[in-house]
Colleague: 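I have a structure here, written as structure tokens, and I will follow up with some questions on it.
Here is how names work: the chains are called A, B, and so on, in the same order as the sequence lines, proteins then strands, and each is numbered from 1. Because only heavy atoms are used, hydrogens play no part in the values below, and waters and symmetry mates are left out as well, while side chains stay in.
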Number of protein chains: 2
Amino acid sequence: MAGPNAPIDKCDCDVIHQDIIDWVRDKMPREETLYDLAEFFKVFGDSTRIRILWALAESEMCVCDIANLLNMTQSAISHQLRVLKQAALVKSRRDGKVVYYSLDDEHVQQIIDQGMTHINEK
Amino acid sequence: MAGPNAPIDKCDCDVIHQDIIDWVRDKMPREETLYDLAEFFKVFGDSTRIRILWALAESEMCVCDIANLLNMTQSAISHQLRVLKQAALVKSRRDGKVVYYSLDDEHVQQIIDQGMTHINEK
DNA sequence: TGTTCATATGAATGTTTATTCATATGTTCC
DNA sequence: GGAACATATGAATAAACATTCATATGAACA
């Protein structure tokens with residue numbers, strides 16, 4: 001296992017527990033899956049988006065309502081709603097000129113609640 | 001409610017549903033709480049940290065092991081472990097020169113699992 | 001058809017952040 | 001005490017990202 005295409009060892013410590021490393025590596029999901037998982041949580045990792053999600057958990061709202069509730073510009077809210085929609089966390093319906101947003105997933109509430117539980121316990 | 005100190009309305013739409021806004025505002029947690037919640041989820045929103053958490057869910061590991069498992073530098077791993085420790089998601093114990101890390105919270109597994117469930121369903 | 005209104009979007013900007021490099025800290029063994 | 005090793009950390013850099021501004025799209029109404 002040496003030569004031009006050998007993987008570069010980024011850490012050259014002597015105390016490598018190779019058996020554990022191999023065992024854990026075998027149990028890890030595919031790299032791509034874990035990347036997707038991180039992308040998913042990243043959506044919750046912004047206070048504006050969390051506030052939007054929390055608001056929508058209470059009631060369907062139009063873009064304008066959310067902007068007023070959070071005292072932010074319509075543009076900023078619209079940009080974040082796009083992120084939330086791409087993550088399949090919210091859905092929208094159009095009624096004339098007005099677009100109403102609501103939660104698109106029953107998990108959203110659970111995930112937020114679980115995070116809140118952690119926050120409150122520490 | 002006008003004058004030099006009046007709050008600036010960031011959105012001047014006509015179709016404001018003021019009753020809904022007031023009702024939702026009343027049910028929202030404190031701004032600071034939602035900020036903390038976003039900070040909490042932000043920790044899960046990085047693939048390196050998610051991979052570290054997943055690995056530690058399988059077995060206690062030293063910094064060097066994690067670096068080799070993920071093929072990253074010891075420094076990069078150490079920096080991320082600090083973030084995870086500050087978020088109270090991992091704990092460490094020292095054994096001579098070697099520092100072993102493990103999960104510090106029973107919620108971590110649940111939160112990751114729930115995120116994974118969402119990923120797999122969409 | 002033209003105007004008004006609600007929302008969406010592209011480009012620019014400032015901030016945050018993950019990684020790297022160099023080096024410091026802390027432990028063991030001689 | 002000094003050398004060797006595992007980990008921690010500060011500064012620098014590059015990439016990611018949230019917000020703003022200007023403007024486009026799309027619907028209602030006259």
Colleague: Mind checking B/Lys42 for me? I need base, sugar-phosphate or nothing, with any heavy atom below 4.0 Å counting as a touch.
Modeller: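 Result for B/Lys42 = sugar-phosphate.
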Colleague: Given D/dT20, is OP1 or OP2 found less than 4.0 Å from the side-chain N or O atoms of A/Thr73?
Modeller: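 For D/dT20, OP1 or OP2 has a side-chain N or O of A/Thr73 closer than 4.0 Å.
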Colleague: Find the distance B/Phe44:CZ to C/dA18:P and express it as a whole number of Å.
Modeller: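 From B/Phe44 CZ to C/dA18 P: 14 Å.
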Colleague: For the side chain of A/Asp46 and the backbone of A/Arg49, is there at least one donor-acceptor N/O pair under 3.5 Å apart?
Modeller: yes
Colleague: Could you check whether A/Tyr100 gets within reach of a base, just the sugar-phosphate, or nothing at all, counting any heavy atom under 4.0 Å?
Modeller: nothing
Colleague: Ignoring the backbone of A/His79, work out which of C/dC5, C/dA11, D/dT7 is nearest its side chain.
Modeller: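 It is C/dA11.
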Colleague: Rounded off to whole Å, could you give me the CG-to-P distance for the B/Asp95 and C/dG26 pair?
Modeller: 18 Å
Colleague: Return whichever of B/Cys62 or A/Gly96 has its heavy-atom-nearest nucleotide of DNA chain D closer to the 5' end.
Modeller: B/Cys62
Colleague: Among C/dT7, D/dA6, C/dC5, which nucleotide has an atom closest to any side-chain atom of B/Lys97?
Modeller: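 Looking only at side-chain atoms, B/Lys97 lies closest to D/dA6.
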Colleague: Flag the pair A/His79 / A/Ser75 as yes when at least one side-chain heavy-atom distance between them is below 4.5 Å, and no otherwise.
Modeller: yes
Colleague: Grab the CD1-P distance between B/Ile66 and D/dA6 for me, whole Å please.
Modeller: 15 Å
Colleague: Looking only at N and O atoms, is any donor in the side chain of B/Ser75 or the base of C/dC21 less than 3.5 Å from an acceptor on the other one?
Modeller: yes
Colleague: Taking the side chain of A/Met72 as its heavy atoms from C-beta onward, which of D/dT19, D/dA6, C/dA8 lies nearest to it?
Modeller: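 Side chain of A/Met72 sits closest to D/dT19.
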Colleague: Whole-Å distance between D/dC17 C1' and A/Gln86 CD?
Modeller: 14 Å
Colleague: Taking the side chain as every heavy atom from C-beta outward, state whether B/Leu53 and B/Val90 have any pair of such atoms under 4.5 Å apart.
Modeller: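 Heavy-atom side-chain distance check passes, below 4.5 Å.
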Colleague: A/Arg49 CZ to D/dA16 C1': how many Å, rounded?
Modeller: 12 Å
Colleague: Could you check if a side-chain atom of A/Ile52 sits within less than 4.5 angstrom of a side-chain atom of A/Leu70, using non-hydrogen atoms only?
Modeller: yes
Colleague: Given C/dT9, D/dT19, D/dA27, identify the nucleotide with an atom nearest to the side chain of A/Arg82.
Modeller: C/dT9
Colleague: For the pair made of CG in A/Leu81 and P in C/dT9, what is the distance, rounded to whole Å?
Modeller: 11 Å
Colleague: Below 3.5 Å, does any donor atom in the side chain of B/Gln80 face an acceptor in the base of C/dA18, or the other way round?
Modeller: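 For B/Gln80, whose side chain was compared with the base of C/dA18, there is no donor-acceptor pair (under 3.5 Å).
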Colleague: Ignoring backbone atoms, test whether B/Tyr101 places a side-chain nitrogen or oxygen under 4.0 Å from the OP1 or OP2 oxygen of D/dA8.
Modeller: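 True: B/Tyr101 side-chain N/O within range (under 4.0 Å) of D/dA8 OP1/OP2.
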Colleague: What is the distance from CG of A/Asp65 to P of C/dT7, rounded to the nearest Å?
Modeller: 8 Å
Colleague: Could you state the CG-P distance from A/Leu70 to D/dT20, rounded to the nearest angstrom?
Modeller: 12 Å
Colleague: Ignoring hydrogens and angles, answer whether the base of C/dA8 and the side-chain atoms of A/Gln74 contain a donor-acceptor pair closer than 3.5 Å.
Modeller: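 Result: at least one qualifying N/O pair found.
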Colleague: Taking the six-membered ring for Trp, are A/His17 and B/Tyr100 closer than 6.0 Å centroid to centroid?
Modeller: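 Ring centres of B/Tyr100 and A/His17 closer than 6.0 Å.
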